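First up is the structure itself, then whatever we jot down about it.
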Amino acid sequence: MRMSNEFAFSLALAGNPNVGKSTVFNALTGLNQHTGNWTGKTVECSKGSYIFNSFKFEITDLPGTYSLLSFSSEEQVTRDYLIKYPSDCVIITADANAVERSLVFVLQILSICEKAVLCLNLYDEAEKNGVYIDEKKLSGKLGIPVVKCCAVKNKGIEKLRKTVYGVCCDKIKCSVNSEYTREIDVFNSKLHRENIAKLTSSAISICKACVTKSGTERVNLRTKKLDKILTSKRFGIPAMLFLFGLLFWLTVVGANYPSQWLSTLFGAGKEWLCLLFDNLGVHKFIKGIIIDGVYTTLSWVVAVMLPPMAIFFPLFSIIEDSGYLPRIAFNLDKYFAKCGTHGKQSLTMAMGIGCNACGVTGCRIIENKRDRNIAILTNSFMPCNGRFPVLIAVTMSFFAAGANKFITTVEVALVLLAAIVFAVVVTLVISKLLSVTVCKGASSGFALELPPYRKPQIAKNIVRSLLDRTLSVLGRAVIVAAPAGAVIWLFANLKINDISLLKYCSDFFEPFGAFIGLDGVIIMALLLGFPANEIVVPVILMSYMSRSTLTDYTGYEQLRQILLNNGWTAVTAICMLIITMLHFPCSTTVLTIKKETGSLRTTLLSMILPVIPGVILCAVIANIARLFF
Amino acid sequence: MDRIRLSSLPLKKSGIITEIDGSLDISDRLADMGFIEGAGVTAEFVSPFGDPAAFRIYNTVVAIRKKDCDKIFVKELPYENE
């Protein structure tokens, strides 16, 4: 008998996708794991723990799966985990609104696990839908305790903890009713449909006894009305474009002032540091490398990157939470099918806008290996948050020259939207190409659940995505930016024969750069930006400014001047936009690809793949422009 | 009423699944989501480009491509659903 706090009970949390399993996990553990209202959001096992009655409970949140009987690798994770690591109690999270389907899964779990608790989540929604479940009767039929919950509102969570405790300590007896699970063989894939048919009829008979429906269906009505518009022929696609356009506009507008404040703040900090170093008599070399190198690069990255990310990530999380994302896959699937790939790829692409590495990990939601590889290989075509500032900076300084601030922000948002559309088109074309060359084979079937629209938890989303995504992505950029800044400064200031190393490098790349409408500095900056895209612009600026007398820059007017002074034209700006979107992925993404695919060949291909269309497009545009202008 | 393909089920109408063609390669996955013989399915709506279509089954909405719907046969039920 376990008495002390050192022993932990181990729990497993299983359930169908979209039932709020991760919300239950968060409510039990107080952790802030990502939730998202679409199928397959949880792709990794998360672990957490809580204390109840002075006992420690460790929970593993398993990825949502539709059944234990399938043999796709996604579903195997849950089944294999449950068998390999027997738990003291399995918490089965089910959607109270879809009891028949949930019970099929519950019975499968009960055929291999003896101690379990059924958590009927989303119960609030069920009541609004006119569904009433007699949990005592249900508990009697199944042989395990049943707890009603609304995890989002924290209802029933304490009762759940109490019940789980009771099961673990054998105070509550579980005696699974073998009548339902007797003939089911979880390991025989040939009898899959027969198994499901038997389980379904058992589930239906249990439901008849325990569930009553009064047919009001209020919540479903709201989803039906929204879907009528959001997937309609007339409004479906425009609504999608409008939503993303709005998302970008809010990001641009919201980030503007905080960026300026931070720039001013860091500018003041720089002056203070200079004074300090002068007073301390620090050697000019050290002062240069730390202030002009490390500090300047760091302050750029933070001032320019942090505000947009702090707005984009939370807003995107809210969209995820609402349940809208599967509708994007639904709307666009026809074209993905034509290109021989899977509609879910649009979801991984959406994730890739936040961070390419996250998009690659998210490709686990695509079951078929071939489709998954295509999605992974093309994910870097989507411009990630690290590249947004480049797109915004170039657009703001070159194309949005208007005096009217509002129109400027709208123009920038439209450019970002156009960039995304461009990236989607390129992705589709390249995916098609891959599907007929390198990644031949049959595409997997498409069957996607469209969950009801649910009210996103706005405050929680903001906090969670700020802490989780924004800080982690920013942290990574900062870790890269600091040494990179030092290296660039060294390059710019170490001279051989009176010419800096920087100049040697940029001169080396100049012929190639000029040919494709850019210059040597930009090429060098892109290469140096391999660890993190965020440092590309600082490197370009620092290289230009080491040639001129300007020591700092504030505002896009000045940026425009610097660029013009260094030979930029409108063509350069366009090519810069294109090459920013179409070049090799960052090092984090490359490592993630290697981890996810385990194939060196695929990883190398992912690095070369974006570069080819990027270079070709830029070369074509630059040379046509040269002919005509 | 005679059996028809799921892809021909008019919007807002319901049917009972009578047969699933064995050559359908995602039949296992669809079975997991509720698509088995005897299940009641309602055609809900269609994508703006015409494919895929969304069906309600056991109170869950699932999107399936037309070429896969072609291999599922239903017996149409006479009443409308709103």
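Quick note on labels: first sequence line is chain A, next is B, and so on, each numbered from 1. Only a predicted model underlies this, so the values are computations on that prediction, with no experimental measurement involved.
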Check: At a heavy-atom separation under 4.5 Å, does A329(A) approach chain B through its side chain, its backbone, both, or neither?
Finding: neither
Check: So, S431(A) side chain and F336(A) main chain: donor-acceptor pair closer than 3.5 Å or not?
Finding: no
Next item on the list: Tell me yes or no: between the side chains of N97(A) and Y123(A), is some donor less than 3.5 Å from an acceptor?
Entry: no
Margin query: Report, in residue-number order, which members of residues 234-242 of chain A are under 4.5 Å from chain B by heavy-atom distance.
Written below: G236(A), I237(A)
Item checked: Check: N368(A) side chain, R370(A) main-chain N or O, donor-acceptor pair, under 3.5 Å -> yes
Check: In terms of heavy-atom proximity below 4.5 Å to chain A, should A53(B) be classed as side chain, backbone, both, or neither?
Finding: backbone
Check: Are any of the side-chain nitrogens in E449(A) or R327(A) under 4.0 Å away from the carboxylate oxygens of its partner?
Finding: no
Check: Cut-off 3.5 Å, side chains only: do D70(B) and S7(B) have a donor facing an acceptor?
Finding: yes
Check: Is the NZ or CZ atom of R101(A) both under 6.0 Å from the centre of the six-membered ring of Y58(B) and within 45° of that ring's axis?
Finding: no
Check: Quick one: what part of I64(B) sits under 4.5 Å from any heavy atom of chain A, side chain, backbone, both or neither?
Finding: both
Note to self: With a 4.5 angstrom heavy-atom cut-off, is it the side chain or the backbone of L230(A) that approaches chain B, or both, or neither?
What the structure shows: neither
Next item on the list: For K334(A) and F49(B), indicate whether the former's side chain and the latter's backbone hold a donor-acceptor pair under 3.5 Å.
Entry: yes
Next item on the list: Tell me, for T231(A) versus chain B, whether the close heavy atoms (under 4.5 Å) come from the side chain, the backbone, both or neither.
Entry: both
Item checked: Selection from A54(B), P52(B), A31(B), G34(B) maximising heavy-atom pairs under 4.5 Å formed with chain A -> P52(B)
Item checked: Engaged part of I20(B) at the chain A interface, taking heavy atoms whose separation is under 4.5 Å -> both
Notebook entry, point to check: Parallel, tilted or perpendicular: which describes the rings of F446(A) and H342(A), with under 30° parallel and over 60° perpendicular?
Noted result: tilted
Check: Excluding sequence neighbours, so at least two apart, what forms side chain to side chain donor-acceptor pair (under 3.5 Å) with E37(B)?
Finding: none
Notebook entry, point to check: Side chain, backbone, both or neither: which part of F105(A) has a heavy atom under 4.5 Å from chain B?
Noted result: neither
Check: Looking at K148(A), E127(A), R454(A), which one forms a side chain to side chain contact (heavy atoms under 4.5 Å, CB included) with L122(A)?
Finding: R454(A)
Next item on the list: Would you mind telling me which of D227(A), V104(A), N16(A) has the largest number of heavy-atom pairs within less than 4.5 Å of chain B?
Entry: D227(A)
